[in-house]
Amino acid sequence: MNKTIEIIVTPDGQSRVQTKGFVGSECRQASQFIEQALGQRTSEQLTAEFHQSVQQQQNQQISN
């Protein structure tokens, strides 16, 4: 899976950063500079990918 960072801005000015394809805390590291530029974080919702280990992700890539 490709690694992507999506930035969604609503008409009322709220923004959301969503990472895809990252494993574990790698997503936080990848999006940190964007979050700092956008301002204070008001909430966080962790995905299933966040809770996967790097080894699980590597095993999935090998079997595909």
Side-chain angles (χ1 to χ4, degrees):
M1 175 180 269
N2 291 329
K3 295 179 179 178
T4 59
I5 300 173
E6 293 181 0
I7 303 167
I8 298 107
V9 181
T10 62
D12 64 354
Q14 292 188 21
S15 59
R16 182 176 75 211
V17 177
Q18 183 173 358
T19 58
K20 297 181 181 181
F22 293 92
V23 179
S25 63
E26 185 181 43
C27 60
R28 285 182 173 158
Q29 295 168 353
S31 63
Q32 181 179 11
F33 75 99
I34 296 170
E35 291 181 21
Q36 288 176 344
L38 292 173
Q40 184 176 353
R41 180 188 311 161
T42 58
S43 68
E44 179 177 47
Q45 184 176 9
L46 302 176
T47 64
E49 291 173 326
F50 178 82
H51 299 289
Q52 284 184 336
S53 70
V54 174
Q55 185 63 36
Q56 287 175 325
Q57 183 70 17
Q58 289 172 347
N59 289 341
Q60 287 177 353
Q61 290 175 351
I62 291 170
S63 65
N64 290 333

*State which residues pass side chain to side chain contact (heavy atoms under 4.5 Å, CB included) with Gln18; sequence neighbours excluded, sorted by chain then number.*
Glu6, Ile8, Arg16, Lys20
*Excluding sequence neighbours, so at least two apart, what forms side chain to side chain contact (heavy atoms under 4.5 Å, CB included) with Glu44?*
Arg28, Arg41, Leu46
*Tell me, please, which residues at least two apart from Thr19 pass side-chain hydrogen bond (donor to acceptor under 3.5 Å, both in side chains).*
none
_To the nearest 0.5 Å, what is the distance between OG on Ser31 and CD on Gln36?_
10.0 Å
*Closest heavy-atom pair and its distance - Ser15, Leu38*: OG-CD1, 3.7 Å
*Partners of Gln14 by side chain to side chain contact (heavy atoms under 4.5 Å, CB included), sequence neighbours excluded?*
Thr10, Asp12
*Residues two or more places apart in sequence or in another chain: which of them pass side chain to side chain contact (heavy atoms under 4.5 Å, CB included) with Ser25?*
Gln29, Phe50
*Minimum-distance pair of heavy atoms, taken over all atoms of Glu49 and Phe22*: CB-O, 3.4 Å
